[in-house]
Amino acid sequence: MPTTRPRSGHSARIASSELTPQSVWLRRREFVLAGLAAGLLPGVLRAAPDGAGLSYTRNARYGAGETPNSYEDITTYNNFYEFGTGKEDPARRAGRFRPAPWSLRIEGEADRTGVFALEDILRPHPLEERVYRLRCVEAWSMVVPWVGFPLADLLRRFAPTSRAKYVAFTTAAIPEQMPGLAYRVLDWPYVEGLRIDEAMHPLAFVATGLYGQPLPNQNGAPLRLVLPWKYGFKSIKSIVAIRFTATQPPTSWNRAAPREYGFYANVNPAVDHPRWSQARERRIGAGVFGARRPTLAFNGYAEEVASLYAGMDLRRHF
Ligand SMILES: Nc1nc2c(c(=O)[nH]1)N[C@H]1C(S)=C(S)[C@@H](COP(=O)(O)O)O[C@H]1N2
Ligand SMILES: [Mo]
């Protein structure tokens, strides 16, 4: 599987400095120092049990002061209804799922559309680690050290046209490999969508790994979105298609229960779910005393993303 192949991180590029004319090297050095100042520190290569670790840089801008959940918590307490609705179903029932070979279909309002092999999708992107909070709409939360790259960097490669106002995403639906598809809990395949400026926001992330290892099937292998300021259901897993559209695309949870799940789904402690409060959350794995904590506006990322929604009524556009 291609994601197990080590990729070169910043440290590899620094090492090539001797081969470069000095003027270029000095400029590159400024670039590297700017990167360091911005918190892009060389990553630690953690070895996976089978030796298949990813190579990545650690982006220290995200996750300061947060203790990541254990690998065990993150990979055994999941929502991935294609494998069943129980929290332990994905870990137990995703073993037959094959995330390789994989391809991604790019469609709609973009100059470069077509079907691309996953290797070609991933090749140009240096991987970085970002520790993000994940807040599920069900009022539990976790902290996850994702490995991946900015969604904007991927989307720009397809040269979206000026008519591309939204981006729609589709999950794989393979009945022989995904036993949950036998139950019509949702209208399969799982679909999600973003306004294009949300998708291009620097926080929007494509994860291909976690804890320095390729994504386990239950977490959305081989690639999934991570949108830390939105409820977890926006972070669509195991993506097979991306479509640039002029109009707002349908989304699975909104279609299933429009009064309960909006298109935007920004984490908002001031707007309760019709059946429960969103004011507080239960941090998985935090023990009896640390477990209950207040939910923050935009899951604590308001400083970065609130301007995306300036002038919008967030009770109406929930
Ligand atoms: N295709 C698909 N994507 C999905 C889901 C799903 O059921 N199917 N569940 C969502 C929900 S509700 C959450 S909270 C997160 C959970 O991600 P995790 O299991 O990696 O923590 O995935 C989201 N992405
Ligand atoms: Mo969720």
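We use all heavy atoms of the structure for the numbers below, so side chains are in, but hydrogens, waters and symmetry mates are not. Just so you know, ligand 1 is whichever comes first in the structure, and atom 1 is the first atom listed for that ligand. Residue numbers start at 1 and run along the sequence shown.
- Shown in contact with Cys136 at under 4.0 Å from a heavy atom are these atoms of ligand 1, numbered in order with element: 14 (S).
- Contact annotation for Asn78 and ligand 1: heavy atoms of both the backbone and the side chain come within less than 4.0 Å of the ligand.
- Close N/O approach between Trp146 and ligand 1 is not found [any backbone or side-chain N/O within under 3.5 Å].
- The hydrophobic cluster containing Tyr261 does not contain Val271, counting ILVMFWY residues as joined when their side-chain heavy atoms lie under 4.5 angstrom apart, directly or transitively.
- At under 3.5 Å, a nitrogen or oxygen of Lys237, whether backbone or side chain, sits near a nitrogen or oxygen of ligand 1.
- In this structure a side-chain-to-backbone donor-acceptor pair under 3.5 Å is present from Tyr301 to Arg133.
- Here the heavy atom of the protein found nearest to atom 7 (O) of ligand 1 is Tyr81 N, 2.8 Å.
- Of the heavy atoms in Tyr190, only side-chain atoms (C-beta onward) come closer than 4.0 Å to ligand 1.
- Taking all heavy atoms of Tyr261, Tyr231, Phe233 into account, the minimum distance to atom 10 (C) of ligand 1 is reached by Phe233.
- Counting the atoms of ligand 1 from 1 in the order shown, those under 4.0 Å from a heavy atom of Thr171 are 1 (N).
- Although no hydrogens or angles enter the test, the distance criterion places no donor-acceptor pair under 3.5 Å between the side chain of Asn78 and the main chain of Lys87.
- Put simply, the side chain of Lys165 does not reach to within 4.5 Å of the side chain of Arg195, judged on heavy atoms.
- For ligand 1 and Leu134, the ligand atoms under 4.0 Å from any heavy atom of the residue are 21 (O).
- Within the 4.0 Å heavy-atom criterion, neither part of Leu186 lies near ligand 1.
- Side-chain atoms of Asn59 never come within 3.5 Å of backbone atoms of Glu129 as a donor-acceptor pair (strictly under, hydrogens ignored).
- Some N or O of Glu82 is nearer than 3.5 Å to an N or O of ligand 1, by distance alone.
- The backbone N or O of Ile239 lies less than 3.5 Å from a partner atom in the side chain of Trp102, making a donor-acceptor pair.
- In this structure, the side chain of Glu82 does not engage the main chain of Ala173 through any donor-acceptor pair within 3.5 Å.
- Taking atom 5 (C) of ligand 1 as the reference point, the nearest protein heavy-atom neighbour is Asn79 O, 3.5 Å.
- Counting only heavy atoms from C-beta outward, the side chains of Val191 and Arg255 approach each other to under 4.5 Å.
- The nearest protein atom to atom 15 (C) of ligand 1, hydrogens excluded, is given as Gly232 O, 3.6 Å; this is a heavy-atom distance.
- Near Phe80, meaning under 4.0 Å from one of its heavy atoms, ligand 1 places the atoms 1 (N), 2 (C), 6 (C), 7 (O), 8 (N).
- Put simply, the side chain of Lys237 gets close to the backbone of Gln218: a donor and an acceptor are under 3.5 Å apart.
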Evaluate salt bridge (charged side-chain N to carboxylate O under 4.0 Å, His left out) for Glu176 paired with Arg98, printing each intermediate quantity in order. CA-CA 10 Å; Glu176 310 79 59; Arg98 289 194 309 276; over 6 Å; no

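- Side-chain contact annotation: Tyr309 with Trp229, donor-acceptor N/O pair under 3.5 Å present.
- Distances below 4.0 Å separate heavy atoms of Ser235 from the following atoms of ligand 1: 22 (O), 23 (C), 24 (N).
- Ligand 1 has no N or O atom lying under 3.5 Å from any N or O atom of Tyr77, backbone or side chain.
- Looking at Arg224 against ligand 1, only its side chain comes within 4.0 Å, counting heavy atoms.
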